[in-house]
There are 2 protein chains.
Amino acid sequence: MHGSTTIKDIARAAQVAPSTVSRALRADRRISGETTALILRLSEEMGYTPSLTARHLVTRQTNTIGLVISSVSDLFVADVVIGVEQEARLHGYSVFLISSYRNAGLEADAVRSLHERRTDGIIVTGSSIDEGYLARTDPTAQPVVLINCPNYPYSISTDNLAGARDAVTHLVRLGHRRIAYLANPGSHQANLARAEGCRATLAFHALAPDPDLTVMGDGTLAGGKAAAQRLLALPQPPTALFCFNDMMAVGALCALHEAGLAVPADCSVIGFDDLELAAYCCPPLTTVLQDGEQLGRQAMGMLFRLIQGEENVSPVVLPATLVVRETTGPVPAGAGRGKGVIAA
Amino acid sequence: MHGSTTIKDIARAAQVAPSTVSRALRADRRISGETTALILRLSEEMGYTPSLTARHLVTRQTNTIGLVISSVSDLFVADVVIGVEQEARLHGYSVFLISSYRNAGLEADAVRSLHERRTDGIIVTGSSIDEGYLARTDPTAQPVVLINCPNYPYSISTDNLAGARDAVTHLVRLGHRRIAYLANPGSHQANLARAEGCRATLAFHALAPDPDLTVMGDGTLAGGKAAAQRLLALPQPPTALFCFNDMMAVGALCALHEAGLAVPADCSVIGFDDLELAAYCCPPLTTVLQDGEQLGRQAMGMLFRLIQGEENVSPVVLPATLVVRETTGPVPAGAGRGKGVIAA
DNA sequence: TTGTAGGCGTTATCAT
DNA sequence: ATGATAACGCCTACAA
């Protein structure tokens, strides 16, 4: 970077003022075709690359937004990223991606660093801070849009509650009474909503809650497998597993398989997200679809409006849709006997 | 960002010169403890956030590197990203991530935009341009490190050839004669090397190559499934599938399953990457391990040395290790009859 | 149609 | 120990 060509170098070579070069480069119609052509040719020959940094200092906008995610190794997050990037490109924005690794400290660092970079706005998904962003009342601060944090005024969320409700209702209708929830406290808000949807649905059907049937995971394959194994070791194991996401569901499927249990004959499984992978499981995974790309696009759309100064934006909630494939089936005959919750 | 506090504002409030504030903020020992404390307190109170943009303009370095990837929705790439970020943090660098979506035009755009941002260096993985970067002899340009492009002088690669060789050798020893390669031309260099490893190994064992047994995919689940289906429709289908990556292998597994074929009894399958997912397949996937995180870390390490001005760096090749799980087994009895390549 | 001058927020080089 | 001044590369009135 030491000696990269500047606008002044070109000005000197073209025997014009720097401002003329600046204008010609940005296709200002006031500059004559001749000089414009000369300047274009020269800047090509001299290998000129504009310095966005310098430009930003004077225009006071970076045309860049920050996107804070938990980690790139989460396929659902990947869809969100793609959606944000698509929409950003549409508006002429670049995206600066930072991973928080589900760590509140790193998330705060990430946001601070984005402020220092003077990005025009910030999108945070899977936040550990959540409404902490509300405290930032400084009007000079960048607007922040949150994904899956419906209490925050500028947010786009999936209807996690309804998604969980539909999933569990589906299981109840199939006759299941002992339904487990494989949680992921790492995704705070989404997890709360799905847990609540599960709880409420069980209550609605007069099924007593069993604390043993909620077991913690971390949204990964390994976490899902471990959680399922703990469940299977219970004196009275569940007949159906509702998992925080598809990855945990695949992990659970693996545990079931290793335990010699057939799906769905011996145990039903439902995931969440509807990753492409869900359709490729053996058997194909019943799951709840949430549209990550759409979430991302809408978040970027909202952020753009916020950047433009629009104030009257309100939270958006996108639907979650149950997709029934082949990991759910009738409750196995004989289940629910003994000290079953209902029979008891 | 309109009215964010600047160093000048603090200087005015503290009754000192801007340069004093600048020094105090960076803990310059020449500034007295008193004034330093005052300035620190003030900058806290006034909500000061330094402008990296402005700082960069004068220091001529951004402490940021660019990372161009194919897409975040590739789990192997995710590992590389994590490795790069880890190592970058170690050296005090941030990472600007851009997706090229396996499109040469977008890749060129990405690199140009990184130049405009004056990142200190660039890492490209899964490049469509490859040795095109060699043309950039401009000494003022940023150093570029390529991942999995071993012909480029500044590169970190997996030993794709050896990995493919080991995989195919494993199949041959199990008695397979009709071994298919599910390719991914999108990852140009890696694909070439794995195809060649496959071809050479077959030749070494005096197995005639059959063009029908190389079929194109795109590295995705859908691509792998479609490729496998085409293979199964052959008059004399293969008894083993060597796939460009694990995702294609999972897709192939799905196709096999739908076709009513057992794995490995009727057909063996090998993947590449050894994603966490590989161990969670049913049955667990035999695959070739390549360490994405390590690839990323080493790439960032090499880039750092390049940025420091070291010139005597040479390409690095990391090992690929066959991991035998349960999708590979002896060739099915009766296979290879009819117009089999060997028998013919 | 083009040139001049000032400034964006920061650091660095002299001074003092 | 601190201040004044001049950059860094670019843009934008305002002049001409």
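Below, chain A is the first sequence line, B the second, and so on; all start at residue 1. All heavy atoms count here, side chains included; hydrogens, waters and symmetry mates do not.
- Take the nearest nucleotide of DNA chain C for B:Arg23 and for B:Leu57: the residue whose nucleotide is more 5' is B:Leu57.
- Distances shorter than 4.0 Å separate some side-chain N or O of B:Arg55 from OP1 or OP2 on C:dT11.
- Remark: the B:Ser19 side chain and the D:dA4 base include a donor-acceptor N/O pair separated by less than 3.5 Å.
- Each of B:Thr20 and B:Thr59 lies near DNA chain D, and the nucleotide nearest B:Thr20 is the one positioned closer to the 5' end.
- In this entry the distance linking CZ of B:Arg117 with P of D:dC8 reads 23 Å, nearest Å.
- Taking the side chain of A:Thr6 as heavy atoms from C-beta on, and the options D:dC10, C:dT11, C:dG3, the nearest nucleotide is D:dC10.
- Remark on DNA chain D: of its neighbouring residues B:Gly33 and A:Ser22, the 5'-side contact belongs to B:Gly33, judged by nearest-heavy-atom nucleotide.
- The closest side-chain donor-acceptor pair between A:Arg305 and A:Gln308, if any, does not fall under 3.5 angstrom.
- The nearest whole Å value for the distance from the CD atom in B:Gln61 to the P atom in C:dT10 is 17 Å.
- Contact check, B:Arg26 against C:dT11: a side-chain N or O comes under 4.0 Å of OP1 or OP2.
- Taking side-chain N and O atoms only, A:Thr35 has a distance below 4.0 Å to OP1 or OP2 of C:dT2.
- A distance-only check finds a donor-acceptor pair linking the side chain of A:Ser51 to the backbone of A:Ala54 [under 3.5 Å].
- Between the C1' atom of C:dG9 and the CG atom of B:Asp9 lies a distance of 10 Å, rounded to the nearest Å.
- At the heavy-atom level, B:Gln15 lies under 4.0 Å from the strands shown only through sugar-phosphate atoms.
- If you take CD1 of B:Ile39 and C1' of D:dG3, they are 12 Å apart, rounded to a whole angstrom.
- At the heavy-atom level, B:Thr53 lies nowhere under 4.0 Å from the strands shown.
- Between B:Glu116 and B:Arg112 there is no salt bridge, since none of the side-chain N atoms of the basic residue sits less than 4.0 Å from a carboxylate O of the acidic one.
- Among B:Arg55, B:His56, B:Arg118, the one residue that satisfies the side-chain hydrogen bond (donor to acceptor under 3.5 Å, both in side chains) test with A:Thr53 is B:His56.
- Across all strands shown, B:Pro50 has heavy atoms under 4.0 Å from sugar-phosphate atoms exclusively, and none from any base.
- Rounding to whole angstrom units, CZ of residue A:Arg29 and C1' of C:dT2 are separated by 17 Å.
- Relative orientation of the B:Phe304 and B:His91 rings is parallel, given thresholds of 30° and 60° on the angle between their planes.
- Taking atom CD on A:Glu116 and atom C1' on C:dT10, their separation rounds to 13 Å, with Å as the unit.
- Taking atom CG of residue A:Asp28 and atom P of nucleotide C:dG3, one finds them 13 Å apart after rounding to whole Å.
- Between B:Arg60 and D:dG9 there is a side-chain polar atom (N or O) within less than 4.0 angstrom of OP1 or OP2.
- For the pair A:Ser32 and C:dT1, the criterion of a side-chain N or O lying under 4.0 Å from OP1 or OP2 is not met.
- Using a 4.0 Å cut-off between charged side-chain N and carboxylate O, B:Arg89 and B:Glu85 make no salt bridge.
- For D:dC10, neither phosphate oxygen OP1 nor OP2 lies less than 4.0 angstrom from any side-chain nitrogen or oxygen of A:Ser51.
- A straight line from CG of B:Leu38 to P of D:dT2 spans 11 Å, rounded to a whole angstrom.
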